[in-house]
Amino acid sequence: MGIRYLHTMVRVKDLAASMAFYELLGLRETRRYENDQGRFTLVFMAPPGQEDCPVELTYNWDGDEGLPSDSRHFGHLAYRVDNIYETCRHLMENGVTINRPPRDGRMAFVRSPDNISVELLQAGEALAPAEPWASMGNTGHW
């Protein structure tokens with residue numbers, strides 16, 4: 001079962017100020033994703049030569065009233081897996097609740113025993129929708 005660390009996500013209230021802070025640490029923007037429909041921006045920043053281990057700054061255009069509470073800043077860990085269905089099956093067989101099942105064959109969320117949200121992303125293209133995942137509902141939150 002292959003797995004690869006992808007990124008850590010943190011929510012930010014002021015994107016420019018947050019980027020300036022991470023730039024002071026030596027990180028540089030490696031990529032950006034703007035979603036007009038969802039009204040958010042994702043900025044990935046990493047140290048030079050370590051572009052494959054970024055921090056993802058998530059900025060909600062309409063603000064986030066939960067910030068700056070400590071519990072809202074940290075978002076999730078993300079890992080790329082070779083087969084999301086096999087990974088989720090393995091986790092379920094070992095007592096892990098799949099909070100957001102991989103209905104789309106691409107993404108799932110689980111939580112650690114310490115309530116840390118962990119995103120699992122399918123390597124390459126999404127797998128074809130398959131049961132039991134396609135019809136499985138969400139459990140809790142992620």
Side-chain angles (χ1 to χ4, degrees), residues 1-92 94 96-142:
M1 187 169 70
I3 188 167
R4 178 179 167 89
Y5 172 81
L6 293 179
H7 64 264
T8 298
M9 182 273 260
V10 294
R11 289 179 179 85
V12 300
K13 188 168 187 144
D14 181 330
L15 183 59
S18 294
M19 289 181 67
F21 169 79
Y22 286 101
E23 287 170 355
L24 288 173
L25 292 173
L27 281 67
R28 299 291 175 252
E29 181 175 336
T30 60
R31 68 179 194 252
R32 178 181 292 244
Y33 174 74
E34 307 248 348
N35 186 304
D36 292 332
Q37 185 177 356
R39 302 191 47 75
F40 65 87
T41 300
L42 307 179
V43 175
F44 293 83
M45 299 185 74
Q50 298 178 49
E51 289 77 12
D52 59 343
C53 295
V55 61
E56 172 192 320
L57 306 180
T58 298
Y59 173 70
N60 293 310
W61 300 353
D62 298 321
D64 188 333
E65 295 306 315
L67 295 177
S69 88
D70 290 338
S71 65
R72 285 285 299 151
H73 280 96
F74 178 76
H76 60 263
L77 299 175
Y79 292 93
R80 182 173 61 215
V81 297
D82 290 339
N83 185 303
I84 197 160
Y85 295 148
E86 288 178 11
T87 300
C88 287
R89 183 178 309 109
H90 172 73
L91 292 170
M92 279 182 59
N94 286 278
V96 175
T97 299
I98 308 300
N99 299 102
R100 194 277 192 194
R103 289 182 292 274
D104 55 4
R106 171 160 169 63
M107 178 179 64
F109 277 88
V110 298
R111 285 195 172 262
S112 77
D114 298 304
N115 214 24
I116 302 294
S117 186
V118 178
E119 178 181 17
L120 304 171
L121 292 168
Q122 172 63 40
E125 297 297 317
L127 302 180
E131 293 299 338
W133 316 110
S135 59
M136 187 181 289
N138 295 338
T139 302
H141 64 281
W142 56 91

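Remark: Glu29 engages Arg32 in a salt bridge (charged side-chain N to carboxylate O under 4.0 Å, His left out) (not counting sequence neighbours). With sequence neighbours excluded, the residues satisfying side chain to side chain contact (heavy atoms under 4.5 Å, CB included) with Thr139 are Thr97. Annotation: salt bridge (charged side-chain N to carboxylate O under 4.0 Å, His left out) contacts of Asp82 (sequence neighbours excluded): none. For Tyr79, there are no side-chain hydrogen bond (donor to acceptor under 3.5 Å, both in side chains) partners, not counting sequence neighbours. For Asn94, the side-chain hydrogen bond (donor to acceptor under 3.5 Å, both in side chains) test picks out no residue, with sequence neighbours left out. The salt bridge (charged side-chain N to carboxylate O under 4.0 Å, His left out) check on Arg39 picks up Asp62, with sequence neighbours excluded. Every residue two or more places apart in sequence or in another chain was checked for a salt bridge (charged side-chain N to carboxylate O under 4.0 Å, His left out) with Arg80, and none qualifies.
To the nearest 0.5 angstrom, Leu77 atom CG is 10.5 Å from Leu120 atom CG. Interatomic distance, Tyr59 OH to Lys13 NZ, rounded to the nearest 0.5 Å: 10.0 Å. Atoms CD1 and CZ, on Ile98 and Arg103 in that order, are 11.5 Å from each other to the nearest 0.5 Å.
Judged purely by atom type and a 3.5 angstrom limit, Gln122 uses its side chain to pair as donor or acceptor with the backbone of Ile84. In terms of modelled atom types and a separation under 3.5 Å, the side chain of Arg111 and the main chain of Asn99 share no donor-acceptor contact.
Here the closest heavy-atom approach between residue Tyr5 and residue Pro54 is recorded as OH-O, 4.1 Å. For the residue pair Ala126 and Arg106, the shortest heavy atom distance occurs at CB-CB, 3.8 Å.
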Which pairs would a plain distance check flag for residues 41-52, meaning a side-chain donor or acceptor within less than 3.5 Å of a matching protein atom at least two apart in sequence or in another chain?
| from | atom 1 | to | atom 2 | distance (Å) |
| --- | --- | --- | --- | --- |
| Thr41 | OG1 | Glu34 | OE1 | 3.3 |
| Thr41 | OG1 | Trp61 | NE1 | 2.6 |
| Glu51 | OE1 | Gly49 | N | 3.3 |
| Glu51 | OE2 | Gly49 | N | 3.0 |
| Asp52 | OD2 | Arg4 | NH2 | 2.8 |

Please list every donor-acceptor pair under 3.5 Å in which a side-chain atom of residues 85-92 meets a protein atom from a residue at least two apart or in another chain.
| from | atom 1 | to | atom 2 | distance (Å) |
| --- | --- | --- | --- | --- |
| Tyr85 | OH | Ala128 | O | 2.8 |
| Tyr85 | OH | Ala130 | N | 3.4 |
| Thr87 | OG1 | Asn83 | O | 3.0 |

Identify every side-chain donor-acceptor pair in residues 14-25 under 3.5 Å, counting partners at least two apart or on other chains, and give the distances.
| from | atom 1 | to | atom 2 | distance (Å) |
| --- | --- | --- | --- | --- |
| Asp14 | OD1 | Ala16 | N | 3.2 |
| Asp14 | OD1 | Ala17 | N | 3.0 |
| Ser18 | OG | Asp14 | O | 3.1 |

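Counting heavy atoms from C-beta on, the side chains of Val10 and Leu57 come closer than 4.5 Å.
Evaluation of the salt bridge (Lys or Arg N to Asp or Glu O under 4.0 Å) test over residues 117-134, restricted to residues two or more places apart or in two chains, returns none.
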